[in-house]
J.: 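I am attaching a structure below and will ask some questions about it afterwards.
Sequence lines set the chain letters: A, B, ... in the order given, protein chains first and strands last, and positions in each chain run from 1.
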Amino acid sequence: MSEVIKKFMYVNRKAPYGTIYALESLEVVLIGAAFDQDVSLAFVDDGVFQLTTGQDTKDAGMKNFSPTYSALGDYDVNKIYIEKESLEERGLTLDDLQDLKYEDEDEDWAEKDSIRLVSREELAQLMDEQEVLLSF
Amino acid sequence: MKFGIQVNEGPYNHQSSDSAYQFTKAALEKGHEIFRVFFYHDGVYNGSRLGVPPQDDRNITELWEALGEKYNLDLVVCVAAAQRRGVLDESEANRNGKDANNIAPKFRISGLGQLIEAGVQSDRLIVFGD
């Protein structure tokens, strides 16, 4: 669709419910996947709650969109960075988050982990390497 | 430099649409190019022509429109976010069986691909909002 390939990072900073930022960020990521860019997602601050398992929104009357994250691998979105400090500050570990996978086309479709735990410092470095940062 | 602008907040209850407007205006006056202004989340309300702020206050939609007219800006409102919030153009209103539309004339409704394209085509994409 476009000959230019840029490094896009979507920075998810907010809890999944309470505001619509998380849901509408996911909508951009899914649409943007059609553009053949170098895409990564970062989850920082309360954004780490977006990937927690066992979300139940029934009583709040909202749509539980958390199952959609498991489709990211099918959209070739497989670089998902979780900021370690944000996770720890909220009393969470990787075991509390969805186990997101993708199939690696270059290695005979071997199933691999999409989630990469990075320190705040490493994430700052990754952000520095991006050409487009979309913050939600 | 070529800028893409993303506005994520509605007018009046948040500084960011004013800030985005001021930035866009200043950049244009300095001779920079604005590839596109993309309105997302509650930012889509910037494109409603039915807002009537008090006469002694600024009308943010009209400010965007005047700037758009002067510099031939591409002011794009995200269709998914807009439909959710009741910002419709004539064809969207017809398609969804609504009896009115409210998009301001200098704005247009289009898809999220326009935001990604702004990221690809601009030297810098600047996001205004929380």
Side-chain angles (χ1 to χ4, degrees), chain A residues 1-47 49-50 61-63 65 68 71-72 75-77 79 127-136, chain B residues 1-11 13-17 19-20 23 33-47 74 76-87 92 109-130:
Chain A
M1 221 174 223
S2 161
E3 288 171 18
V4 184
I5 295 182
K6 285 190 176 179
K7 289 169 83 76
F8 273 67
M9 177 180 272
Y10 298 87
V11 184
N12 299 288
R13 300 171 295 132
K14 292 182 166 50
Y17 310 101
T19 66
I20 201 167
Y21 297 101
L23 171 61
E24 291 196 331
S25 168
L26 190 55
E27 288 180 351
V28 181
V29 173
L30 296 176
I31 298 278
F35 278 72
D36 291 331
Q37 301 294 310
D38 179 357
V39 173
S40 58
L41 269 57
F43 292 86
V44 301
D45 301 338
D46 281 351
F49 285 116
Q50 293 181 26
M62 288 177 189
K63 175 170 150 183
F65 59 91
T68 313
L72 288 172
Y75 284 81
D76 291 328
V77 176
K79 283 181 285 192
M127 285 179 171
D128 198 42
E129 293 167 8
Q130 304 301 315
E131 292 169 284
V132 182
L133 279 164
L134 294 120
S135 181
F136 295 100
Chain B
M1 189 168 281
K2 197 194 290 183
F3 291 104
I5 306 291
Q6 183 185 346
V7 184
N8 284 346
E9 309 292 342
N13 75 322
H14 202 293
Q15 174 71 32
S16 68
S17 56
S19 297
F23 178 91
E33 184 185 338
I34 301 292
F35 178 76
R36 173 173 297 141
V37 185
F38 190 87
F39 297 89
Y40 198 40
H41 304 307
D42 276 4
V44 300
Y45 291 124
N46 285 278
D74 191 16
V76 175
V77 172
C78 168
V79 61
Q83 284 190 334
R84 222 175 236 137
R85 293 168 177 82
V87 176
E92 292 294 324
I109 289 182
S110 190
L112 280 164
Q114 304 279 313
L115 171 61
I116 308 298
E117 192 194 22
V120 173
Q121 299 296 332
S122 305
D123 299 313
R124 297 282 189 280
L125 178 75
I126 305 192
V127 183
F128 290 87
D130 264 352

J.: Against chain A, label B:R84 side chain, backbone, both or neither, depending on which of its atoms sit under 4.5 Å from a heavy atom there.
T.: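 Only the side chain of B:R84 comes within 4.5 Å of chain A.
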J.: Which heavy atom of A:F35 sits nearest a heavy atom of B:E117, and at what distance?
T.: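 A:F35 and B:E117 have their closest heavy atoms at CE2-N, 4.4 Å.
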J.: How close do B:G119 and A:K6 get, heavy atom to heavy atom, and via which atoms?
T.: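 Heavy atoms only, the tightest pair is O-NZ, 3.1 Å.
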J.: Return the option, out of A:R13, A:E24, A:K14, with the maximum number of heavy-atom pairs under 4.5 Å with chain B.
T.: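 Counting heavy-atom pairs under 4.5 Å, the top option is A:E24.
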J.: Do B:Q6 and A:V28 have side chains that approach each other closer than 4.5 Å (heavy atoms only, starting at C-beta)?
T.: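 No, their side chains stay 4.5 Å or more apart.
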J.: Just how far is it from atom CD of A:E27 to atom CG of B:L115, taken to the nearest 0.5 Å?
T.: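 Separation between the atoms: 12.5 Å.
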J.: More than 12 non-hydrogen atoms from neighbouring residues, nucleotides or ligands closer than 6.0 Å to OH on A:Y75, yes or no?
T.: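 Not buried by this count: 12 neighbours or fewer within 6.0 Å.
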J.: Could you tell me which portion of B:A80 (side chain, backbone, both or neither) has an atom closer than 4.5 angstrom to a non-hydrogen atom of chain A?
T.: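 Only the side chain of B:A80 comes within 4.5 Å of chain A.
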J.: Would you indicate whether B:R124, at its atom CZ, is surrounded by more than 12 heavy atoms from other residues, nucleotides or ligands within a distance under 6.0 Å?
T.: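 No - once you tally the heavy atoms of other residues, nucleotides and ligands closer than 6.0 Å, there are 12 at most.
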J.: What are the two closest heavy atoms between A:Y10 and B:I116, and how far apart are they?
T.: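 Of all heavy-atom pairs spanning A:Y10 and B:I116, the closest is OH-CD1, 3.2 Å.
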J.: Heavy-atom distance under 4.5 Å to chain B: side chain of A:Y21, backbone, both or neither?
T.: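 The answer is both parts of A:Y21.
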J.: Could you check which of B:I126, B:D123, B:N8, B:L112 has the highest count of heavy-atom pairs closer than 4.5 Å to chain A?
T.: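 Among the listed options, the one with the most contacts to chain A is B:L112.
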J.: Please round to the nearest 0.5 Å and tell me the distance separating atom CG of B:D130 and atom OG of A:S135.
T.: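 B:D130 CG to A:S135 OG: 9.5 Å, rounded to 0.5 Å.
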J.: Going from CG on B:L125 to CG on A:L134, what distance comes out if it is rounded to the nearest 0.5 angstrom?
T.: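 One finds 5.5 Å between CG of B:L125 and CG of A:L134.
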J.: At a 4.5 Å cut-off on heavy atoms, which part of A:L23 comes close to chain B: side chain, backbone, both, or neither?
T.: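 Contact with chain B: side chain only.
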J.: Of all heavy-atom pairs between B:V127 and A:L133, which one has the smallest distance, and what is that distance?
T.: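 Minimum heavy-atom contact is CG2-O, 3.9 Å.
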